[in-house]
> 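One structure coming up, written as C-alpha cells, with questions to follow.
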Amino acid sequence: NNPESLRQVRDWQVLRRFCSENSISFPPTLLPGEEKEADPSRSWLLKPTCSGGGHLIGQWDGRPLEKNQVVQAYVTGTPASVLFAADGQKSVVLGLTEQLIGENGFGVSGFRWCGNILPFAPQKSASIFAGVERAVSLFTHRFNLRGVNGIDIIVDDNPDGTPTWYFLEVNPRYTAAMELVEHAYRLNIFCTHMEAMAGRLP
C-alpha cells in the first residue's frame with residue numbers, strides 16, 4: 001500500500017467519518033480534545049495510534065489524551081480478523097478468524113494478541129459475511145488498498161440472538177493469520193498478494 005493509503009486508513013478521524021457515512025458499526029472513538037464527550041456510564045479503552053498486537057491498550061482513567069492516543073468505547077464480544085486480497089478497487093475476502101486476546105496460557109494478559117483460530121464460528125460467520133464483505137469492499141475502494149490486508153472486528157449478539165459486528169481497525173498489510181488461510185485452503189498468500197497487485201483477484 002502506498003504512503004497516502006497508509007496515512008488515510010490509519011487516521012482515526014478519517015476512519016470515524018468514513019464509517020459514519022457508510023453505516024459501518026464503529027465503537028464511539030474520541031480524539032485528543034474530545035475527552036468531555038465520553039459517556040461516563042460506559043467503559044472506555046485508551047489506545048495508542050501507532051502500535052500493534054494490542055500493546056499499550058488498557059482501561060482509560062479519564063486523563064487528558066496525548067496527541068498519539070485515542071479512547072474508544074469498550075464493546076463486548078469475540079475479537080475476530082477478516083483477511084482479504086484487493087487490487088485498489090475490488091476485493092475478495094479470504095477468511096474470517098477468531099483472535100486470541102490476553103490468554104494467560106500463552107503468556108499474555110490484557111488486550112495483547114497471541115494467536116488466531118480458523119475458521120471463526122461458522123454459524124456466526126455466515127450471518128455476518130455479507131456485511132463484512134461490503135465493508136471490505138468500501139474500505140478497498142476508498143483507501144485504494146492493494147495486496148493482502150486485514151481488518152479487526154468484534155462479533156457479538158443482538159438482543160434477539162442474531163450476530164452483529166463492530167469494526168475496530170484496518171491492518172493495511174500481511175497479517176499473521178494469513179498463515180492459517182494458506183495452510184487450510186492451500187492458497188499461496190505470497191502469490192495471491194502479487195496477483196492482486198497486478199489486478200488479478202482469486
Side-chain angles (χ1 to χ4, degrees), residues 1-3 5-12 14-15 18-19 24 26-27 45 47-57 72 75 77-88 90-103 106-108 110-122 124-125 128-129 131-155 165-198 200-202:
N1 288 301
N2 65 44
S5 292
L6 296 177
R7 276 192 293 269
Q8 289 280 305
V9 83
R10 299 296 290 183
D11 185 318
W12 290 86
V14 171
L15 279 175
F18 176 78
C19 288
I24 297 172
F26 185 44
L45 297 179
K47 292 187 170 187
T49 56
C50 297
S51 74
H55 291 268
L56 303 178
I57 295 176
Q72 190 171 70
V75 292
T78 304
S81 58
V82 182
L83 315 173
F84 63 98
D87 66 4
K90 301 184 299 297
S91 57
V92 173
V93 174
L94 304 176
L96 276 73
T97 70
E98 178 181 348
Q99 288 190 11
L100 302 177
I101 304 293
E103 295 285 345
F106 292 107
V108 299
F111 296 92
R112 291 274 302 278
W113 171 88
C114 56
N116 292 71
I117 297 174
L118 178 77
F120 185 73
K124 290 188 176 183
S125 293
I128 67 172
F129 188 81
V132 166
E133 192 174 42
R134 170 184 173 271
V136 165
S137 177
L138 289 169
F139 282 119
T140 295
H141 189 266
R142 166 62 178 81
F143 298 104
N144 189 34
L145 297 176
R146 304 179 69 218
V148 292
N149 302 266
I151 65 171
D152 291 342
I153 64 175
I154 291 284
V155 181
W165 65 279
Y166 301 87
F167 164 75
L168 294 181
E169 65 178 5
V170 177
N171 292 307
R173 54 173 171 76
Y174 178 95
T175 73
M178 297 286 180
E179 296 176 19
L180 299 180
V181 168
E182 187 164 67
H183 180 73
Y185 303 147
R186 300 293 188 265
L187 185 67
N188 186 301
I189 294 297
F190 180 78
C191 290
T192 300
H193 176 74
M194 296 303 293
E195 286 286 292
M197 294 290 290
R200 295 183 291 270
L201 297 176

> How about V93 and V82: do any of their side-chain heavy atoms sit closer than 4.5 Å?
yes

> Between F143 and V170, is any pair of side-chain heavy atoms under 4.5 Å apart?
no

> Looking at side-chain heavy atoms only, is the closest gap between W165 and V132 below 4.5 Å?
yes

> Would you say that P119 contacts L96 through its side chain, given a criterion of any heavy-atom pair below 4.5 Å between the two side chains?
no

> Would you call I101 and R112 a side-chain contact if the rule is heavy atoms closer than 4.5 Å?
no

> Examine the side chains of T97 and S81 and answer whether a donor and an acceptor come within less than 3.5 Å of each other.
yes

> Calculate, to the nearest 0.5 Å, the distance between atoms CE and CZ belonging to M194 and R200 respectively.
9.5 Å

> Which value, rounded to the nearest 0.5 Å, describes the distance between L118 atom CG and E182 atom CD?
12.5 Å

> What's the shortest heavy-atom distance between A85 and T192, and which atoms?
CB-CG2, 3.9 Å

> Between T140 and L145 (side chain of the first, backbone of the second, donor and acceptor by atom type, cut-off under 3.5 Å), is there such a pair?
no

> Might you work through the salt bridge (charged side-chain N to carboxylate O under 4.0 Å, His left out) test for R10 and E169, ending with a clear yes or no?
CA-CA 8 Å; R10 299 296 290 183; E169 65 178 5; 3.6 Å; yes

> Is there a side-chain contact between I57 and P48, using heavy atoms and a 4.5 Å cut-off?
yes

> Tell me if a side-chain donor or acceptor on H193 pairs with a main-chain N or O of V148 at a distance below 3.5 Å.
yes

> Could you tell me the separation between the OG1 atom of T175 and the CD atom of Q99, rounded to the nearest 0.5 Å?
8.5 Å

> Is the F139-F18 ring centre distance short of 6.0 angstrom?
yes

> I'd like to know whether N116 forms a side-chain hydrogen bond (donor to acceptor under 3.5 Å, both in side chains) with E98, so could you lay out the CA-CA distance, the side-chain angles of the two residues, the decisive distance to 0.1 Å, and finally the verdict.
CA-CA 5 Å; N116 292 71; E98 178 181 348; over 6 Å; no

> What pair of heavy atoms forms the shortest contact from V155 to A80, and how long is it?
CG2-CB, 4.3 Å

> Indicate yes or no for a side-chain donor-acceptor contact from S137 to the backbone of E133 under 3.5 Å, with no hydrogens or angles considered.
no

> Could you tell me whether the side chain of Y185 reaches within less than 4.5 Å of the side chain of L94, counting heavy atoms only?
no

> Determine, stepwise, if the pair I153 / L168 fulfils side chain to side chain contact (heavy atoms under 4.5 Å, CB included).
CA-CA 5 Å; I153 64 175; L168 294 181; 5.7 Å; no

> Between Q72 and L45 (side chain of the first, backbone of the second, donor and acceptor by atom type, cut-off under 3.5 Å), is there such a pair?
no

> May I have the step-by-step check of side-chain hydrogen bond (donor to acceptor under 3.5 Å, both in side chains) for N149 and N1, ending in yes or no?
CA-CA 9 Å; N149 302 266; N1 288 301; 2.9 Å; yes

> Please test N171 against D152 for side-chain hydrogen bond (donor to acceptor under 3.5 Å, both in side chains), starting from the C-alpha separation and ending with a verdict.
CA-CA 8 Å; N171 292 307; D152 291 342; 3.3 Å; yes

> What are the two closest heavy atoms between F167 and I24, and how far apart are they?
CB-CG2, 3.8 Å

> Quick one: CZ on F129 to CZ on R134, what's the gap to the nearest 0.5 Å?
14.5 Å

> What closest approach, in Å, do F84 and S91 show between heavy atoms, and which atom pair accounts for it?
CD1-CB, 4.2 Å

> Can you see which heavy atom on L15 is nearest to which on F26, and at what distance?
C-CE2, 4.5 Å

> Can you tell me if CZ on F106 sees more than 12 non-hydrogen neighbours from other groups inside 6.0 Å?
no

> With a 3.5 Å distance limit and no angle check, can you tell me whether R146 reaches the backbone of M197 through a side-chain donor-acceptor pair?
yes

> Taking all non-hydrogen atoms of both residues into account, name the closest pair between A177 and L83 and its distance.
O-CD1, 3.6 Å

> For the atom pair NE2 (H55) and CZ (F111), what is the distance rounded to the nearest 0.5 Å?
14.0 Å

